[in-house]
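Below is one structure, written out as structure tokens; the observations come after it.
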2 protein chains.
Amino acid sequence: MGFHHPATEDLELPAVLHALSDPQRLRIVRGLSADPEPRPCGAFDVNVSKSTCTHHFRVLREAGVIEQRALGAARLNSLRREDLDARFPGLLDAVLESVPA
Amino acid sequence: MGFHHPATEDLELPAVLHALSDPQRLRIVRGLSADPEPRPCGAFDVNVSKSTCTHHFRVLREAGVIEQRALGAARLNSLRREDLDARFPGLLDAVLESVPA
DNA sequence: GCAACAGTTTGACGATCGTCGTACAATAAA
DNA sequence: TTTATTGTACGACGATCGTCAAACTGTTGC
């Protein structure tokens, strides 16, 4: 419950880059960008266990890449695109537009 | 001596992001961007030991962020800006233009 | 109430990371 | 030929990482 979301001005570049440097998390962010509709953790194409999933979403949240909002038992995840663009202009777009490999 | 530099088309986003996610390496890249003149490892504002320095330059090189060219005993480091821009347009600029914290 | 569902917490595991010191190789300068 | 200078190679160290399974909390629905 103690969901900590860093303030926009507290976002740190190394933390954001590290959060984005993992393939699984990159896939989460890509999915969230393709369809910005906030949705629960289970609704992502991530083939790892539940606990690993929790871990990845926490890394993304604590770096300030995503926002997690509780809705009942679920956690609605959304991209903090505005905050990221304000703090690191062009970064998210550059990451997302890179050839999907 | 077996300096391995990945080909442009082999650059991988997670590896590049990981290479850039360390403060020391970020400082190296920033310095190399501020003054693109190729220069030896010792000419950087990095306060770690020699061996750690070698390590950081290798991570950057193997991710394809920098190029290392031997000149006598020294290793001339330069930014692979064109290759990075070709493979991940806008990424390096976004990283470098983010507020220097 | 009870079962199913959605995530978290904890603890563990091997792997990688950032760091160092020492020893080494190669070049440059004396 | 010595003696610096520049950087690499090789362990080593504690810390963090990505992963999992098991147990748990909280919600939804019967």
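Just so it is clear, the values below take in all heavy atoms, side chains as well, and ignore hydrogens, waters and symmetry mates.
- The side-chain tip of B:R61 points at the ring of B:F3 from less than 6.0 angstrom away and within 45° of straight on.
- At a threshold of 4.0 angstrom between heavy atoms, the contacts of A:H56 are confined to the sugar-phosphate backbone, with no base atom among them.
- With salt bridges taken as basic N to acidic carboxylate O contacts below 4.0 Å, none links A:R87 and A:D10.
- Here the P atom of nucleotide D:dT8 and the CG atom of B:L71 are 14 Å apart, to the nearest Å.
- Between the NZ atom of B:K50 and the P atom of C:dG21 there is a distance of 11 Å, given to the nearest Å.
- Straight-line distance from the NE2 atom of A:H55 to the C1' atom of D:dG18: 6 Å, rounded to whole Å.
- The minimum heavy-atom distance between A:L11 and A:P6, with the atom names listed, is CD2-CG, 3.7 Å.
- Of the candidates D:dT8, D:dT6, D:dC20, the closest approach to any side-chain atom of B:A74 belongs to D:dT6.
- The listed nucleotides are D:dC20, D:dG7, C:dA6; the one nearest the side chain of B:R75 is D:dG7.
- Within 6.0 Å of CD on A:E12 lie no more than 12 heavy atoms contributed by other residues, nucleotides or ligands.
- Evaluation of atom-type donor-acceptor distances gives no pair under 3.5 Å for the side chain of A:S49 against the base of D:dA21.
- In terms of modelled atom types and a separation under 3.5 Å, the side chain of B:R25 and the main chain of B:A19 share a donor-acceptor contact.
- Side-chain to base pairing of B:S51 with C:dG21: one donor and one acceptor N or O lie within less than 3.5 Å of each other.
- What separates CG of B:L60 from C1' of C:dC17 is a distance of 14 Å, to the nearest Å.
- Spacing between atom CD1 of B:I66 and atom P of D:dG7 amounts to 12 Å, rounded to whole angstrom units.
- Look at CD1 on A:I28: it is 12 Å from P on C:dG7, rounded to the nearest Å.
- Taking only side-chain nitrogens and oxygens, B:T52 comes nearer than 4.0 Å to OP1 or OP2 of C:dC20.
- When each of B:G42 and A:V48 is assigned the nucleotide of DNA chain D with its nearest heavy atom, B:G42 is the one assigned upstream, toward the 5' end.
- The nearest whole Å value for the distance from the CZ atom in B:R58 to the P atom in D:dT6 is 21 Å.
- Between the side chain of B:H4 and the backbone N or O of B:E62, no donor-acceptor pair lies under 3.5 Å.
- Less than 4.0 Å separates DNA chain C from no heavy atom of any residue of residues 15-26 of chain A.
- In this structure, the CZ atom of A:F3 is 7 Å from the P atom of C:dT9, given to the nearest Å.
- Applying the under-4.5 Å side-chain rule to Ile, Leu, Val, Met, Phe, Trp and Tyr, the cluster around A:L71 extends to A:L76.
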